[in-house]
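Only heavy atoms go into these numbers, but all of them, side chains included; no hydrogens, no water, no symmetry mates. Throughout, a chain's letter reflects where its sequence line sits, starting with A, and its residues are numbered from 1.
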Number of protein chains: 2
Amino acid sequence: MGTTRGRGPTIRDVARQAGVSAATVSRVLNDSPLVVEPTRARVRAAVDELGYRLNATARTLSLGRATAVGVVVPFFTTHSVIERLRGVVARLSGGGQRAYDLLLYDVEAPEQRADAMRDLADRNRVAGLLIVSLPIFDDEIDALQRDDLPAVLLDVSHPRLPGVVVDNVRGGELAAEHLLAKGHSHIGFVGDHPTNEYGFTSSEDRRRGFSSALDRAGIRLDPSMERYGVPDRDEADVLTRSLLQQPAPPTAIFAASDLQAIGVLRACEALGARVPDDVAVIGFDDVDLAEIVGLTTIHQPLRESGELAADLLVAAIEHGVHDPVQEVQELTVVERRTT
Amino acid sequence: MGTTRGRGPTIRDVARQAGVSAATVSRVLNDSPLVVEPTRARVRAAVDELGYRLNATARTLSLGRATAVGVVVPFFTTHSVIERLRGVVARLSGGGQRAYDLLLYDVEAPEQRADAMRDLADRNRVAGLLIVSLPIFDDEIDALQRDDLPAVLLDVSHPRLPGVVVDNVRGGELAAEHLLAKGHSHIGFVGDHPTNEYGFTSSEDRRRGFSSALDRAGIRLDPSMERYGVPDRDEADVLTRSLLQQPAPPTAIFAASDLQAIGVLRACEALGARVPDDVAVIGFDDVDLAEIVGLTTIHQPLRESGELAADLLVAAIEHGVHDPVQEVQELTVVERRTT
DNA sequence: GAGTCTGATGAAACCGGTTACATCGGAGGA
DNA sequence: TCCTCCGATGTAACCGGTTTCATCAGACTC
């Protein structure tokens, strides 16, 4: 307060105070070797005295490159997205150097996805883009490449961009193999609508792997054993009830996500079906919830996926993208009390 | 690719294309009434033709005010913080206009708290600061006010800043009253260390309210019935075991958070204590987990608190802070299966 | 028909940094 | 002693917007 109405001292104020030019101050601030020690000390003193702080906006404009990365996330969604984001955040904004600021773009509705992409790309305030769980289209990639804006995908993939994913089809197979090994042959599936407005495909991929592994064991995943809905607990509950209230209900259910598996468990409880004796349940993701409720599930390294994606993005920003690597992370079955 | 090496068209390119000056283009872009319709149309056409997009960095620099807000969060922590953040994000980055970008600052270690505060305040790239769950010191508030930077607190309070909180002391009382009404008189507490490196105080506030409500009922919260540790599930598990393995174990336990309550439940299960018959358990927060495991808890409106705080911040940015309101949100007991 | 007013537009300065290029002074060599 | 070279510093242009102020043309008045 007082005279400096909001605006702090500028580099020229420091220069005046130190009796040098703005260029020299800038050099000192950027550790240029061109400045001799006594001058350097005077500038440092002036900086301290005035409480000068560099203006990141001006710097970004002058340099032509941003110091922030944009992270596009369907934030409202599940625990798994958040867990991934934890990894991203820890790597990007936590780690000591704090090299990149993190601009968070929440996508709350399908049409916002495109908005976010356009906004971030065109308003060039970010040095790169990390896109979580949201599919991206070719023309959007064109736009990114036109702007030289590196992008990394997490939990989705596209041949033209680096990404971190798991093999969801394989995950479905693992789930099937686990249930088969437990002696089940009459098995149900609860997952997302194969086509949904966001374009999420992991549920369908998991179902495909699941179904084909059953096929190989000579078991057909009958349409009457499949239920589809929006990926949420209550919906999964409802779907499961309809699954279990058939003449020949399944003895095991594969849910496309842990959250849905929780809904399945609740339906079982409501209908008096004992888990795992009457109905075995296996989920997917291994969010912290799964451990808490003792859910058997397919584990994927969520947090690590975020860290890895963040590292890939930083590398892409700093060294360019040579060829878009697809990091495929390992899946494992974690057996708990529901199978 | 092509000639435009990374940099897109500028406002002067548009001006040239439209046969007007940069000033006029700027006026059109900002909906100034000073531009006559035919000119306006020409500029619009040029904008479309060149695919021009405004450079937010340059705009921020020129205007002297940022279009982003900084959100400081201990991101790694519990579900409740995330749930709050959901509210903030939905309000700030979701809602149609997308008026403010959201710069996320994760605080992973106590010393980073101060760094984040200084960084955000001084590098003036944000129009305001939303600080979640982290206490703030007077000299930091001085610095913010010196820079005219509005700030809003969420889940912490300070007389000089607007904030959104619940009355944790009252929440503790509610928990005690609920357990007393259930007929318990021998009651334990599991919470955070009263002093911790982040300066979180909610656990201690809750304990105080809890303890004084017991007092009023003529029951003393004996030190042997209290256990303190870091706020995490495993630690709560361990603490609870030591609580229950005493000569006269409590018949009810109040945990300072739902996460800790989950640890309490796990310890009960491990020790063969039946909930709620042998030991009743009540938590605090009402995160989604609580509903899933059927935990009785003190409900606080987490998501709404985030929305409210975001609204307060936007108001503070746009209209200034007149006097720092403290919004105190309602707490209620949600009875489920653990009491 | 000359003078005044008004509304649309342009020229140029500014926001706060960075950096290519110019300048200057001193050290070293002939 | 003079010249060259080089290292330290300054000058000024630039990044891409916004905005003040000047200018200019047309409308209106008398």
Atom-to-atom span, CZ of A:Arg65 to C1' of C:dT19 - whole angstrom: 13 Å
Euclidean distance, atom CZ of residue A:Arg16 to atom P of C:dG16 [Å, nearest integer]: 12 Å
Starting at atom CG of A:Asp31, determine the distance to atom P of D:dA8, rounded to an integer number of angstrom. 15 Å
Measure the distance from OH on A:Tyr52 to P on C:dG16 and round it to the nearest whole Å. 10 Å
At under 4.0 Å, does any side-chain N or O of A:Thr24 touch on OP1 or OP2 of D:dT9? no
Among C:dG16, D:dT19, D:dG16, which nucleotide has an atom closest to any side-chain atom of A:Thr10? C:dG16
Distance check needed: D:dT18 P versus B:Arg27 CZ, whole Å only. 11 Å
With the side chain defined as heavy atoms from C-beta on, A:Ala23 is closest, among C:dT19, C:dT9, C:dT18, to C:dT19
hbond_proxy B:Arg59 side chain to D:dG16 base (donor-acceptor, 3.5 Å cutoff): no
Classify the side chain of B:Ser62 versus the base of D:dG17 as yes if they form a donor-acceptor pair under 3.5 Å and no if they do not. yes
Integer-rounded Å distance: D:dG10 C1' and A:Leu34 CG: 13 Å
Can you tell me the distance, in whole Å, between the CG atom of A:Asn55 and the P atom of C:dC15? 12 Å
Both B:Val35 and B:Ala58 contact DNA chain C. Taking the nearest nucleotide for each, which residue is further toward the 5' end? B:Val35
Starting the side chain at C-beta, find the nucleotide from C:dG10, D:dT18, D:dG17 nearest to B:Val20. C:dG10
I need the B:Arg91 CZ to A:Asp106 CG distance, nearest 0.5 Å. 13.0 Å
Step by step, work out the side-chain hydrogen bond (donor to acceptor under 3.5 Å, both in side chains) result for B:Glu49 and B:Gln17. CA-CA 9 Å; B:Glu49 206 161 328; B:Gln17 173 86 6; 2.8 Å; yes
Of C:dA8, D:dT9, C:dG17, the nucleotide closest to the side chain of A:Thr39 is D:dT9
Starting at atom CG of B:Leu61, determine the distance to atom P of D:dC15, rounded to an integer number of angstrom. 14 Å
Determine whether a donor-acceptor pair (one donor, one acceptor, N or O, separation below 3.5 Å) exists between the side chain of A:Arg53 and the base of C:dG16. no
For B:Arg113 and B:Glu140, what are the C-alpha separation, side-chain angles and deciding distance, and is it a salt bridge (Lys or Arg N to Asp or Glu O under 4.0 Å)? CA-CA 11 Å; B:Arg113 197 196 56 81; B:Glu140 291 167 338; 3.0 Å; yes
Test salt bridge (Lys or Arg N to Asp or Glu O under 4.0 Å) on A:Asp148 and A:Arg65 and set out the steps. CA-CA 11 Å; A:Asp148 266 333; A:Arg65 55 191 159 77; over 6 Å; no
Rounded to the nearest 0.5 Å, what's the gap from CD1 on A:Ile141 to CG on A:Leu149? Could you check? 12.0 Å
